[in-house]
Amino acid sequence: MRRIRAAVTGAVTLSLALTASACGGGEDGGGQATKTLTYWATNQGSSLEVDKKVLQPELDEFERKTGIKVNLEVVPWSDLLNRILTATTSGQGPDVLNIGNTWSASLQATGALLPWDAKNFEAIGGKDRFVDSALGSTGAPGKDPAAVPLYSMAYALYYNKQMFKDAGIAKPPTTWDEVVAAGKKLSKDGKWGIGVEGSNLSNNIHQVFVLGKQHGADFFTADGKPDFTSDSAVAAVKQYVDLMATHKIVAPGNAEYAQNQSLSDFAKDKTGMVLWQTPSQTFASQGMSEEEWGVVPAPVPSGKPGTGTATNSMVAGINMAVFKNTKNLDGALKFVKFMTSDEEQIALNKTYGSVPPVKAAQKDAAFSGPSLAVIRDTLASSAAALPQVPEESQFETVVGTAVKELFADAAAGRPVTTESVKAKLDKAQQQMPKK
């Protein structure tokens, strides 16, 4: 999913097999069903207004080529999932929308989204245009994808070069032990080692999912049942919260962060490291030049990323979906084809600092620089998709909230023990739908 904005709040019940009524905004007041589309875009830039400035010229170009006008709304992350779920039941939704790729299977289960079968993929140039890692986060295994990849991202470790130099740290860390050691050298004089977003539920899930893989946990069994309280899952969550609770390399105030404040702190030399997805545009908007920061693969116990316990990122990104009952299916398919064309993929991903999920576009020189090369290599060799199960959204909500509460305990000086972590995760598991 995109560099995380505010986490989705409130329990989301997706276990019910929701049935979409007539969705889609393709028909305008004059009945020109083939001449308009409504598009909900995700907040990719430093503000909603930035996204509008980025996207509107592209939408104007699409209208020039096809005669189809696209009505754009950029939806904040804090509202997006609930807006989509409301649209699946109310019939008041867009024709085309962006979704965080971790939600693909959950939204697929509602039945509201157009399945991307061979015929629909052929209409946009074929499924084989997309890289495998991105396609792995488009819906439940064995089913036609519920969405098409649009932007690809992965987590990496960003570090402040001057702060590292001032602290006498010779090279960026590649293991968690090195992260803690560097963090302790950086955490002094009102500055801190690493930033987190403790109240951001989605970000919490991304981090503990990866740590779970490193400990051998998946959070769901092979048959899709929640498995939050295994020793390895508990150890993963505790390791993450211990950055604040035990190692004291995260500022207590980070327990309340949910709106990219950790990126702002990093850009203002308040923290020396941050784990994030493609934040270069945000750093630039905060006045931080590319020469001031460096990037390396996110840490793993061995120091060498790979698969299994060497996984160092979830497969992050944005997918593009179409409401199944759109009144303008032909126009929607043309729009998806336009947005996933090589030319648009290069332009949009270059602007947003992400990596194209389209193979040909990914080969463009714009994505060969050191920063994006780390992301590209991570996606190719050491990133794993979050569980593609219908209950993934509830997982983000209940376990993300458990981690949030544990950070609040740490910030308040309350002990975070193996027992307290397991109790929080057990409570979260009890909140999941029963199969």
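This is a predicted model, so every value here is computed, not measured.
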Participant: Where does the angle between the aromatic ring planes of Phe338 and Phe62 fall among parallel (under 30°), tilted (30 to 60°) and perpendicular (over 60°)?
Facilitator: tilted
Participant: Could you pull out all donor-acceptor pairs under 3.5 Å where a side-chain atom in residues 294-306 meets a protein atom, sequence neighbours excluded?
Facilitator:
unit_1	atom_1	unit_2	atom_2	d
Ser302	OG	Lys304	N	3.2
Ser302	OG	Lys304	O	3.3

Participant: Are Tyr352 and Tyr151 close enough that their ring centres sit under 6.0 Å apart?
Facilitator: yes
Participant: Answer yes or no: is there a donor N or O on one side and an acceptor on the other, between the side chain of Asp95 and the main chain of Tyr39, under 3.5 Å?
Facilitator: no
Participant: Before accepting this row, confirm whether a basic side-chain N of the pair Lys334/Asp330 lies closer than 4.0 Å to the acidic partner's carboxylate O.
Facilitator: yes
Participant: Taking side chain to side chain contact (heavy atoms under 4.5 Å, CB included) as the definition, give me every residue that meets it alongside Lys404, ordered by chain and number, with sequence neighbours left out.
Facilitator: Ser199, Leu201, Asn204
Participant: Keeping Asn319 on the side-chain end and Ile99 on the backbone end, is there a donor-acceptor pair under 3.5 Å?
Facilitator: no
Participant: Output all residues satisfying side chain to side chain contact (heavy atoms under 4.5 Å, CB included) with Arg129, sequence neighbours left out; order by chain, then residue number.
Facilitator: Thr340, Asp342, Val358
Participant: Classify the ring geometry of Phe395 against Phe220: parallel below 30°, tilted from 30° to 60°, perpendicular beyond 60°.
Facilitator: perpendicular
Participant: Return the minimal non-hydrogen interatomic distance between Trp103 and Leu80, and the atom names on each side.
Facilitator: CZ3-CD2, 3.7 Å
Participant: Is the side chain of Lys427 donor-acceptor paired with the backbone N or O of Val398 at a distance under 3.5 Å, no angle test?
Facilitator: no
Participant: What pairs with Lys119 under salt bridge (Lys or Arg N to Asp or Glu O under 4.0 Å), at least two apart in sequence or on another chain?
Facilitator: none
Participant: Do the side chains of Asp79 and Arg83 get close enough for a salt bridge, i.e. N-O under 4.0 angstrom?
Facilitator: no
Participant: Which heavy-atom pair separates Pro387 from Phe209 by the least distance, and what is that distance?
Facilitator: CD-CE1, 3.8 Å
Participant: Is atom CD of Gln430 surrounded by more than 12 heavy atoms (other residues, nucleotides or ligands) closer than 6.0 Å?
Facilitator: yes
Participant: Keeping to residues at least two apart or across chains, list the side chain to side chain donor-acceptor pair (under 3.5 Å) pairs with something in residues 373-386.
Facilitator: Asn312-Ser382
Participant: Considering residues at least two apart in sequence or located in another chain, which fulfil the salt bridge (Lys or Arg N to Asp or Glu O under 4.0 Å) criterion with Glu344?
Facilitator: none
Participant: I would like to know whether Glu405 and Lys424 meet salt bridge (charged side-chain N to carboxylate O under 4.0 Å, His left out); could you show each step before the answer?
Facilitator: CA-CA 8 Å; Glu405 292 173 352; Lys424 294 284 190 186; 3.2 Å; yes
